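To start, the structure itself, in structure tokens.
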Amino acid sequence: MRRARLTGQAAVNQAVVDLLDKFDYPDELGSGSPSLGGGGGGMAHFLIVAESEPQQIQEKADYTVPASDSAAPLQEVFDEIDDLMNGGAFSIWLAGSFELDDDVTAPSGAWIRGLGYVGGGET
Amino acid sequence: MARFTGSGTFTLAGSNSRIYDILFESSASTLVLSGERAVARNIHVQGTLEVTGNYIQIEESNIRATTWSGHSGGLSDSFVVVGTIAITGARTRITDNVFTSSQGLDVDADDCVIEGNVFYNTPAAHDSIAINADRVLVEGNKFVPSVGNTNSAVNVETGECNMIVGNDLGDTDDYATDALIDTGSNTQLFYPNDATYGDNFTDCGSGS
């Protein structure tokens, strides 16, 4: 099919679209895998969401953890991240409410950052 | 701010770690900061905070009972309620905090700096600051005693060459004991002209 001739801004727009098409951009960057840092050496980020949070929030997570008896599953995730990062610097974002029914040790060098939890009100 | 419930211990062990915006809701919970050069900001610890690593900084937080054995760390711009802070790590800086109904500050390590804090309503039978150490600087703090209950504002129990300067003790008649007590040696004192330091302050030593 013959393409209609474009002029001016429309031509520029089409050129950009054609250029982007040459790259195989995935529809969902990072979907189903930890959000390892890109952009040339940025800090890696992991999102852990408790199952106390709405499904829409859980779907964004790299890992989900039960809100009750959270210690063992949370420690398992921490250990997995620790093995993956091998002592590097990285952020772990936590969303939700976690029950520490036992002791937990964060991965070495982690920056632990809380995001919030549903139904908790102001703290 | 994410929330931890339950009575377990959460340990931040690695060097250069950070912990931000976390609520430890249970009074039975414990947060341990054991890695060197860790930073904690906007943490609410309703249970116990244990600082065992060196060079640890805690900022803009709300804490209760705290033991602090790492050296060269600092607590600033925070709110301390109910519990006490017991310092056994040298060169710790406690600056610009508010202690409300807290059992005060026990300084058992040398060369610490206690500056710019408010000690409000320290409860019965507790000193706002008790010192068993050398060369501690206590400067520019404001004390509001619980009338008839708070022991002293500053009690230098043991140690030498401690410096207690420029603090506002409030009404010294409100203390259950003397506002200042010194059984150390060579304690150095200086107060503005309009301040007072109780009736029975004795033996301020050669440096006063």
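Everything numeric in this text was worked out from a predicted model, so none of it was measured. All heavy atoms count here, side chains included; hydrogens, waters and symmetry mates do not.
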Check your understanding: Would you say the side-chain atoms of B/Asp127 pair up with the backbone N or O of B/Ser152, donor to acceptor, closer than 3.5 Å?
Key -> yes

Review point. Do side-chain atoms of B/Ser34 reach the backbone of B/Gly53 as a donor and acceptor pair under 3.5 angstrom?
Key: no

Point to revise | Residue A/Ile92 versus chain B: region with a heavy atom under 4.5 Å | key: neither

Point to revise | B/Asn132/B/Thr158 under side chain to side chain donor-acceptor pair (under 3.5 Å): CA gap, chis, key distance, verdict | key: CA-CA 5 Å; B/Asn132 287 277; B/Thr158 63; 2.8 Å; yes

**Study point:** Check: B/Asn141 main-chain N/O paired with B/Asn167 side-chain donor or acceptor under 3.5 Å
**Key:** yes

Point to revise | Euclidean distance, B/Ser61 OG relative to B/Asn42 CG, rounded to 0.5 Å | key: 6.0 Å

Review point. With only heavy atoms counted, which part of A/Phe78 is less than 4.5 Å from chain B, the side chain, the backbone, both or neither?
Key: side chain

Check your understanding: Contact part of A/Ala110 toward chain B, heavy-atom cut-off under 4.5 Å: side chain, backbone, both or neither?
Key -> backbone

Exercise for review: Report, by ascending residue number, the residues of residues 7-18 of chain B in heavy-atom contact with chain A at a distance under 4.5 Å; give 'none' if the set is empty.
Suggested key: B/Ser7, B/Gly8, B/Thr9, B/Phe10, B/Thr11, B/Leu12, B/Ala13, B/Gly14, B/Ser15, B/Asn16, B/Ser17, B/Arg18

Exercise for review: State whether B/Arg135 and B/Asp111 are salt-bridged, where the test is any N-O pair (Lys NZ or Arg NE/NH1/NH2 against Asp/Glu carboxylate O) under 4.0 Å.
Suggested key: yes

**Study point:** When A/Ser52, A/Gly114, A/Ala50 are compared by non-hydrogen pairs under 4.5 Å with chain B, the top option
**Key:** A/Gly114

Review point. Most heavy-atom pairs under 4.5 angstrom with chain B, which of A/Ala106, A/Ser68, A/Ala95, A/Ser97?
Key: A/Ser97

Review point. If we only count heavy atoms from C-beta on, is the B/Phe24 to A/Leu100 side-chain gap below 4.5 Å?
Key: yes

Exercise for review: For the pair B/His71 and B/Tyr55, name the ring-plane relationship: parallel under 30°, tilted 30 to 60°, perpendicular over 60°.
Suggested key: perpendicular

Check your understanding: Side chain, backbone, both or neither: which part of A/Leu94 has a heavy atom under 4.5 Å from chain B?
Key -> both

Check your understanding: Could you go step by step and tell me if B/Glu36 and B/Asn54 meet the side chain to side chain donor-acceptor pair (under 3.5 Å) rule?
Key -> CA-CA 5 Å; B/Glu36 290 201 342; B/Asn54 301 324; 3.2 Å; yes

